[in-house]
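A short worksheet on the structure shown next.
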Amino acid sequence: MTTDSRTEPSTGLDFPTGFLFGAATAAYQVEGAVAVDGRGPSIWDTFSHTPGRVLGGETGDVAIEHYQRFRDDVRLMRDLGLQAYRFSIAWPRVQPSGRGALNQAGVDFYSRLIDELLAAGIEPWPTLYHWDLPQPLEDAGGWPERDTAERFADYAGAITTALGDRVRQWTTLNEPWCSAFLGYGSGLHAPGRQDAAASVRAGHHLMLGHGLAAGLLRSAGQQVGITINLYDVLPAGEWDVDLDAARRIDGLQNRFFLDPVLRGSYPADVVHDLAGVTDFSHVRDGDLATISTPLDMLGVNYYSRHLVTGRPAVGGDGHGGEAGSGASPWPGSEHVGFVKGDLPVTAMGWEIYAAGLTEVLERVAEEYPPVPLYVTENGAAFADEPDPDGLVRDAERVSYLDGHLRACRTAIEAGVPLRGYFCWSLFDNFEWSWGYSRRFGLVHVDYETQKRTPKSSAFWYGDLIRGRQGASLTGH
Ligand code: FCB
C-alpha cells in the first residue's frame, strides 16, 4: 500500500476545540486475571465456561492481560496521542458477591489505573457496568429482579465515592439493550436465558439501576451519563408491513431506552407491541421519574443500520445480524426479518453505513431534550494480521473511521452538541460470543505472546488527534 492511500482520507477532518478523542475497552474483554486479588465470578465467566456458548470455547480468563500490563498499555495510549480512555470497572472485582463491603484490592487496581492515566495526561472515562454482573446476583434472579437495580446503585455509590476525586465523568451502563435482550431474550449473551418477559423486566431494572445511581452520583457532585447503542432502522421496502417492522425495531432498539431515560416515559406504541409479552406491572410509581434523572451526557454507540421487513417471504435471520440460533431478542416482534443490504460489510457482517451515525445523532438532538452527546463506541472488525515486515496495514479500518468521523462532523455542523468520540476498540480483545475471532483494535494483539502492535489506523488516529492531518505515515 502506498503512503498516499493512508494519508489522503484524513484531509480536512477538523473538529471543534475541546472535542475529546479517545478509545474504549471493557473489563471482561481485556483484563484477564479473573481469579486474582479477590475478584469473584461474573455471568460472563460462567457463560464463557459453558460449552457451546462462545465460539471455540474461548473465555476471558487471560484476555490481553490488561490487569497486569496496564502501565505499558497507558504508555502506548500516551504515545498514540489519546486524550481519554474509556474502560469499565468490573463489578465482581470490586464487590465480588454484588453486595456489601468493597474488595480493596480490586478498588486499588482501578485507582492505580486512574493515577497512571492522569499522569500520562489522559482522561479516565469509566463505565460502571459493561455486562459483567456478579454471578451471585444472577443466582438471586439477575436483572429481571428489581433488587438487582438496588444492588447496582449501592455498588455505584460505593465505587464512585472511592474513586470520584479523580474522575470527571461517569457512565452507568453500557448498552442496556444487549444486557436485557441478548442476555435474557435471545440468550446469545450471558447469562444466556431465553425468556421474553424476563428480558423486558431486565431492561426496566437496568434503567432503574441507572436512574438510582445517577441520582446518587449527582447529589455527590459527580457528573453522570449512560451509553446506549443506537441504530438507524430502515424499512427494506415501501410496504406498510415494512414500515411497521421499522417502527417496531426502532421502538425496541432505540426508543425503549431513549424515551424513559430522556423523557421519563415508555413509548406507547412499544408498550402496545409488548402487550402479549408483559403487562408492565413491574413498573412502579416513581420509577420513570428516577430513570429520567437529568444527565450530564448521553453516550451513543453506533456500528451499523438495521434494514427490516415484515414480509415473511423476504425474511431474514430474525436476529439482527447476530450469530447463533437462539430465541429472538425482539420480544413481541419476532416476525420481523433482518435483510442483508448491498453495502460493504465488516468481519462481523455488519453493513458499513456512516450516514446512519449522522442520522442517529441528529435524531437524538432534534427529538429529545438537550443533552451533550459523545460517541462512546464506533469501529469495525477486520481480519488484520501483520505483514512479513511486522506492520499491520488496516486500510479498511482507516476508511471506516474516516467515514464515521466525517459523519460526526456533519452532525456537528448541523448543530448537534457532540463533544467527543471514542473508537472501539483500543486493542483487539475478547469479542463476547465470538471469542477472539473478531479483531476490532487500533492495536493488534498477538494472543500467544501478548505483543501489542499499533496498526496503521492507530497512527492515523493519533495524527488526527494531534491535528497533523495529512502528515506522512511513512515508517508506520
Ligand atoms: C458493543 C460492545 C463492545 C464491543 C462492540 C463490538 O456492543 O459494547 O463491548 O463488543 O460492540
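Predicted, not measured: the structure shown is a model, and the values here were computed from it. Keep in mind that the numbers below use all heavy atoms, side chains included, and drop hydrogens, waters and symmetry copies. Counting starts at 1 for both ligands and their atoms, following the listed order.
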Practice task
At a heavy-atom distance under 4.0 Å, which protein residues reach ligand 1? Sort them by chain and number, would you?
Solution key: Gln29, His130, Trp131, Asn174, Glu175, Tyr303, Glu377, Trp424, Glu431, Trp432, Phe440
Exercise for the section: Answer yes or no for Arg112 and Phe70: cation-pi contact, defined as NZ/CZ to six-membered ring centre under 6.0 Å and angle to ring axis within 45°. Expected result: no
Problem - Residue pair Val167 / Trp170, side-chain heavy-atom distance below 4.5 Å - result: yes
Handout entry: Which residues share a side-chain hydrogen bond (donor to acceptor under 3.5 Å, both in side chains) with Arg193, sequence neighbours left out
Key = Glu138
Parallel, tilted or perpendicular: which fits the ring planes of [X] and [Y], with parallel below 30° and perpendicular above 60°?
X: Phe422; Y: Tyr374; result: tilted
X: Tyr400; Y: His404; result: parallel
X: Trp44; Y: Trp432; result: tilted

